[in-house]
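Just follow the structure's listing: the first ligand is 1, and inside any ligand the first atom is 1.
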Amino acid sequence: MATHEKLSFCRICMGTCGMVVTTDDAGRILDIRADRDDPQTWGFACHKGLRAAEAQANPNRFLRPMKRLEDGTLVPIALETALDEIAARLDGIRQESGAEAIAGYRGGGGFFTSSAVLMLTDLLKALGSPKMFSSATIDQSAKYVAQGRLGLWPPGKTPVSRCDVMLLVGTNPMVSVNPPFDTRNPVKRMKEARARGMKLIVIDPRRSETAAFADVHLQPLPGEDVTVIAGLHHIILREGWHDEAFCAQHVADLDALRGAVARFTPDYVAVRADVAPELLLEAARLFAQEGRKGFAGSSTGPDMGPHSNLAEHLIEALNIICGKLVREGEEVGNSGAVLPRLPRKAQVTPPPRWWEDGPKSRIDGSGMLADEMMTGVLADEILVPGDGQVRALIVHGGNPASAVPDQRKVVRALRSLDLLVCIEPTATVTTDLADYILPPYTQYERPDLPFWLYEQMIYQDVAYTRYTPAVASPPAGAELVDDWFVFWSLAKRLGVPIDYLGTPLDMQTPPTTDDLLARVAGHAPVSFEEIQRQERGLVVDSRPLIAEPADPDWAGRFSVMADDVRGEVDDVLAEPVEDEQFPFRFAVRRLRETFNSVGRDLPATRKRVPYNKAFINPEDLATIGAVAGDEVEIVSNTGSIVAVAEPDATLRRRVISVPHGFGGLPDVESNRGYYEDGISTNLLLNDKVRETINAMPRMTGFKVALRRIGGKG
Ligand SMILES: Nc1nc2c(c(=O)[nH]1)N[C@H]1C(S)=C(S)[C@@H](COP(=O)(O)OP(=O)(O)OC[C@H]3O[C@@H](n4cnc5c(=O)[nH]c(N)nc54)[C@H](O)[C@@H]3O)O[C@H]1N2
Ligand SMILES: Nc1nc2c(c(=O)[nH]1)N[C@H]1C(S)=C(S)[C@@H](COP(=O)(O)OP(=O)(O)OC[C@H]3O[C@@H](n4cnc5c(=O)[nH]c(N)nc54)[C@H](O)[C@@H]3O)O[C@H]1N2
Ligand code: SF4
Ligand SMILES: [Mo]
């Protein structure tokens, strides 16, 4: 049989790695390799992306729509019949309990499907339900909260390639290939940046692959980012290292910030977060004084910890007080690839506090962010009786039974639903609970654009995008569905027209995936056909976009220390730091080989990572009398898990780090056990303590105890 090589790009993560995909005549993926001639990613690809052939042939893949019978067994069902039945059940629920009883959850698989990414939200809107949830609010939604309370700066931040200095807090982009670092071949770009003299400060309890590049590496206890960053503010303001002229023009309440950080002296930071005062001073000096261009950026470390909104707020406030933003006359990073190229004025849009208007959760009064409700209240929205109780959930490319704290409660909630529908390619702990499973085309089987929703949060220096056609075909006999087709078909059956990206969809004739992608790219400076023509993508507009001067009478200012923010600072100062019962802290971390719960069932991955280990500093391990391979128990105030200990000298002491995304369903006979599936770290978490505004649970930096159980069971 002949083989064919086609260019495409990987959509598992934000890396957008250019790939060469080899298929047979039937479109089966035989092989995949990184495209060395890719103009953006220069031959980079990782273990996950290189498993495309295995992923396509994964025996855990669903190849037909499935329906669960009364006795719990799953049987195939024709797509149109499944859609009829689902629509009828949604209609019944809508009539009995109102549209609010219908909810949606979008996970990573949904986010990375560019033609359909926002359409579940639009379907719910058309039905009249605000109950859209997503993985964003169990991730870094602190970034929305911080912007919403500080104010916005339209020119944005300096792209990585032009930074003199970077401060990275709780992020390991060399492995996660995630912002705030440039995601296009991050390792090579880091080496280049270091070679041209960029200074790097990293704050991470682990000497991560990213920290290994740092000039200064602070290794605080996890969960203390507020303490450490407030300490940096304290030093910078005390020494007068901030940008006074920028603050005078653009900041409303610098003195309030000064007051709020007064007690975060280097000594206080040392006692509380265990960071040496000299190192803190050096980090502050380097960030504020070394070069004008750069920024502080973060990811899950601070954004999943206690007081995550405040931590993120203080990180962004560092950029503001040091004037580390793209300034008047400077070039904006990405002027807009598929999002519109708009003029950017170097002036502050006052704090929009979006969540204060619009629908509120009946559970805790939390509002909406980016058209979504907060996933931290999803389980209660399902479980708590009353008007608006959620009875049906449509899951678009997500695995909430794995991803959402706390696992036992979420599983109970999902079980209690009248209807659970998953648009999902592979068997997961969530599909184990679903009434219907509609398997979609997987990445190489559909046309696509790169992840565009956060285009401007990815700090690249060009307005680049690319198109891929479908380069592979699904296995013979498969009946798959385009993600968007589910939403379109349900809307049609329920008689509600969908507005997609601001324009109504034809509800008689379905669009094609390319029609929808053309809509996504509707604001690009070049035509969609031109984007389609360029096999390796293109810079859609190479004219620099220069930040314009502020309007002369412009009154918008950043608010760096509003009253509610100050209240959170006081809460931090008032809370107890040590807890004798729980002397360790838990730290999130990601693995090279898996993507949350995705990919761990692939043979080559199982070989490398059969289950999730507990990473512990060797000296800590010795204090409990344990050695590598022993089972240890990790106990939090909510639950406990048992995992195999792996000594890890890159971790500071008093920290335990276990990757998430593992484990079967809890407390059921079908659970194959730790050595087959690992264990869910969400058994340690609860949704009782939630941050204000985004209801974010505490997923890192919480206190735990550790004890040895014994040898391998
Ligand atoms: N290979 C791989 N890549 C991924 C993913 C994956 O699962 N695997 N997941 C993707 C997703 S969904 C996301 S959101 C991104 C996340 O991207 P990142 O946030 O960069 O993810 P991590 O690699 O876990 O890096 C988090 C770092 O924070 C540190 N840390 C833990 N707790 C704290 C704390 O309290 N404070 C501080 N300062 N640091 C702390 C950890 O030691 C770790 O080095 O990655 C994406 N990319
Ligand atoms: N304890 C703990 N919990 C966490 C985290 C943590 O660090 N610690 N991290 C959190 C973070 S940052 C995130 S983003 C969430 C992730 O939350 P989720 O996104 O809900 O979880 P994933 O495991 O990434 O599941 C993605 C699903 O999408 C499916 N998928 C893949 N490709 C496609 C496709 O083309 N179409 C469709 N329809 N589906 C597809 C995959 O098979 C998979 O089941 O988890 C959060 N939960
Ligand atoms: S880094 Fe890996 S998972 Fe991410 S896009 Fe590249 S190959 Fe895919
Ligand atoms: Mo995430």
Hey, is [X] touching ligand 2 through its side chain, its backbone, both or neither, going by heavy atoms under 4.0 Å?
X: Ser597; value: both
X: Leu685; value: side chain
X: Phe111; value: neither

Exercise. Hey, can you tell me if His396 and Phe487 have their rings parallel, tilted or perpendicular (30° and 60° cut-offs)?
Key: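 Correct class here is perpendicular.
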Residue and atom name of the nearest protein heavy atom (relative to [atom]), distance in Å to one decimal:
atom: atom 9 (N) of ligand 1; value: Arg590 NE, 2.8 Å
atom: atom 1 (N) of ligand 2; value: Asn682 OD1, 2.7 Å
atom: atom 33 (C) of ligand 2; value: Gly109 CA, 3.8 Å
atom: atom 37 (C) of ligand 2; value: Asp483 OD2, 3.5 Å
atom: atom 44 (O) of ligand 2; value: Glu424 OE1, 2.7 Å
atom: atom 28 (O) of ligand 2; value: Gly397 O, 3.1 Å
atom: atom 21 (O) of ligand 2; value: Asn399 N, 3.7 Å

Which ligand 1 atoms are under 4.0 Å away from a heavy-atom of [X]?
X: Asp139; result: 14 (S)
X: Arg589; result: 24 (O)
X: Phe595; result: 4 (C), 5 (C), 6 (C), 7 (O), 8 (N), 9 (N), 10 (C), 46 (C), 47 (N)
X: Arg206; result: 42 (O)
X: Thr300; result: 14 (S), 16 (C), 18 (P), 19 (O), 21 (O), 26 (C)
X: Thr594; result: 1 (N), 2 (C), 6 (C), 7 (O), 8 (N)
X: Pro205; result: 30 (N), 37 (C), 39 (N), 40 (C)
X: Gln140; result: 14 (S)

Under-4.0 Å heavy-atom contact with ligand 1, by part of [X] that carries it:
X: Asn596; result: both
X: Pro222; result: both
X: Arg592; result: backbone

Going by heavy atoms, is Gly223 under 4.0 Å from ligand 1?
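For ligand 1, residue contact (heavy atoms, under 4.0 Å) with Gly223 is present.
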Is the closest heavy atom of [X] to ligand 2 under 4.0 Å?
X: Ser402; answer: no
X: Gly661; answer: no
X: Met304; answer: yes
X: Arg446; answer: yes

| said: Whether Arg654 and Asp620 form a salt bridge (side-chain N of Lys/Arg under 4.0 Å from carboxylate O of Asp/Glu) is what I want to check. | reply: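 No, no charged N to carboxylate O under 4.0 Å.
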Nearest non-hydrogen atom to atom 2 (C) of ligand 1 belongs to which of Leu591, Leu651, Val228?
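Looking at heavy atoms only, Leu591 sits closest to atom 2 (C) of ligand 1.
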Original post:
What are the atoms of ligand 2, with element, lying closer than 4.0 Å to any heavy atom of Thr428?
Top reply: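 Reading through ligand 2 atom by atom, the close ones are 44 (O).
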